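A quick write-up on the structure given underneath.
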Amino acid sequence: MSDAPLLSLRNVSISFGGVRAVHGVSLELRKGELVGLIGPNGAGKSTVLNLISGSVRPTEGDILFKGKSIVGLRPDVLSRIGISRTFQNIRLFPQMTAFENVALGIHGKPLYSFAESFVRTRRAWRAEAEVRERALSLLELVDLTRYAKERAGSLPYGLQRRLELARAMATGPELLLLDEPAAGMNEDECGSLVELIRRIHEESSYGMILIEHHMNVVMELCADSLIYVLNLGEILASGSPREVQADQRVIGAYLGAKRSANERRRRRIS
Ligand SMILES: Nc1ncnc2c1ncn2[C@@H]1O[C@H](COP(=O)(O)OP(=O)(O)OP(=O)(O)O)[C@@H](O)[C@H]1O
Ligand SMILES: [Mg+2]
């Protein structure tokens with residue numbers, strides 16, 4: 001089915017204990033499309049990415065990648081078939097270098113057999129050279145070439161976020177899921193991240209879902225596309241940046257979330 005959307009979520013739900021983290025969510029993404037996913041804290045945004053990337057399984061509904069159901073497939077299998085992600089809390093190997101973190105992502109796809117890695121056939125050497133070249137070009141893309149030999153854990157936070165992006169791209173995805181790539185960044189860092197994500201989107205054919213709390217980041221990156229707003233596990237609204245920003249239900253959901261966070265804080269203090 002060549003005209004099938006890259007990704008379809010059909011009425012997907014998941015509960016943890018009594019908590020309905022995601023309820024009846026449906027969305028579609030086409031090849032090369034970038035959509036935003038926003039909503040107050042606890043709305044279920046990360047859980048949607050966890051469902052797509054296979055770390056949790058829906059209790060209801062179906063998830064299709066290129067027209068085929070992927071429900072029940074393990075995260076490593078999904079990564080191999082083209083679904084890759086970054087995490088809200090950075091997940092790198094801090095003791096390994098920036099280069100090694102990216103190369104490891106590429107190695108996830110076997111380029112030569114186990115036996116060949118021992119006898120060092122010409123194919124194995126060539127494959128290693130290819131991995132090296134690709135890892136270096138990904139580091140260059142995220143502007144980290146000069147940090148290739150630095151330990152990932154010693155890099156400033158903003159650069160670790162960029163390294164996570166390179167690591168996610170290393171697996172050769174068709175669908176790239178970004179969970180708050182600008183978290184903890186200052187305004188300048190956000191600006192250059194927007195440029196980077198825009199370049200990645202323009203130069204690749206990745207479908208991308210972007211979760212972000214920095215509204216200027218998501219509004220800029222999704223200027224020509226769709227933003228889904230999640231609240232209490234359900235899609236509250238979807239539309240262009242201008243449409244969702246003017247939507248009274250969206251404004252109400254954010255204000256409501258702020259009010260209840262303030263109330264929780266007041267209760268803790270008194
Ligand atoms: N593995 C889990 N076990 C139990 N509860 C979970 C689990 N994952 C998520 N939840 C709950 O599901 C709800 C949605 O969480 P989720 O992390 O998806 O929200 P979010 O929109 O990403 O929030 P934030 O903006 O703070 O990152 C929350 O109430 C959360 O506590
Ligand atoms: Mg989250």
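Predicted model only: the values in this text are computed from it and were never measured. Whatever order the structure lists them in is the order used to number ligands and atoms, beginning at 1.
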>> Under the criterion salt bridge (charged side-chain N to carboxylate O under 4.0 Å, His left out), I'd like the reasoning laid out for E189 against R161: C-alpha separation, chi angles, the key distance, then a yes or no.
In response: CA-CA 10 Å; E189 289 171 324; R161 285 243 164 246; over 6 Å; no
>> Before you tell me yes or no, could you show the steps for R199 and E202 under salt bridge (charged side-chain N to carboxylate O under 4.0 Å, His left out), namely the whole-Å CA-CA distance, both residues' side-chain angles and the distance that decides it to 0.1 Å?
In response: CA-CA 5 Å; R199 187 148 40 92; E202 281 168 3; over 6 Å; no
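Protein heavy atoms come within 4.0 Å of atom 4 (C) of ligand 1. Taking a distance limit of 4.0 Å, we find that atom 16 (P) of ligand 1 is approached by some protein heavy atom.
By the 6.0 Å and 45° rule, R162 does not stack over the aromatic ring of Y147.
To the nearest 10 degrees, the angle centred on the Mg ion (ligand 2) between OG in S46 and OE1 in Q88 reads 80°.
No side-chain donor from either of N231 and R249 sits under 3.5 Å from a side-chain acceptor of the other. In summary, the side chains of S53 and R85 do present a donor paired with an acceptor at a separation below 3.5 Å, with no hydrogens or angles considered. In this structure, a donor-acceptor pair under 3.5 Å is present between the side chains of S69 and D62.
If you check which protein heavy atom lies closest to atom 23 (O) of ligand 1, you get G42 N, 2.8 Å. Atom 1 (N) of ligand 1 has as its closest protein heavy atom F16 CE2, 3.6 Å. For atom 12 (O) of ligand 1, the nearest protein heavy atom (residue, atom name, distance) is A21 CB, 3.3 Å. The nearest heavy-atom contact from the protein to atom 27 (O) of ligand 1 is Q88 NE2, 2.7 Å. The shortest contact between atom 29 (O) of ligand 1 and any protein heavy atom is with V19 CG1, 3.9 Å. Summary of contacts: the protein heavy atom closest to atom 18 (O) of ligand 1 is T47 OG1, 2.5 Å.
Residue E180 holds its CD atom at 6.5 Å from OG of S46, rounded to the nearest 0.5 Å. One finds the CE atom of M169 at 7.0 Å from the CG atom of L176 (value rounded to the nearest 0.5 Å). A distance of 11.0 Å separates CG in L29 from CG in L37, rounded to the nearest 0.5 Å.
None of E212, M215, H214 except one satisfies the side-chain contact (heavy atoms from CB on, under 4.5 Å) rule with I38; the exception is M215.
Among the atoms of T47, no N, O or S atom falls under 2.8 Å of the Mg ion (ligand 2). Distance check for N41 against the Mg ion (ligand 2): none of its N/O/S atoms falls below 2.8 Å.
Below 4.0 Å from some heavy atom of H213 lie the following atoms of ligand 1, by number and element: 25 (O). Short contacts between ligand 1 and E180, defined as distances under 4.0 Å to a heavy atom of the residue, involve ligand atoms 25 (O), 27 (O).
Nearest to atom 24 (P) of ligand 1 by heavy-atom distance, out of D179, N41, L37, is N41.
Residue G44 places at least one N or O, backbone or side chain, under 3.5 Å from an N or O of ligand 1. Checked against a 3.5 angstrom limit, the closest N/O atoms of A43 and ligand 1 fall inside it.
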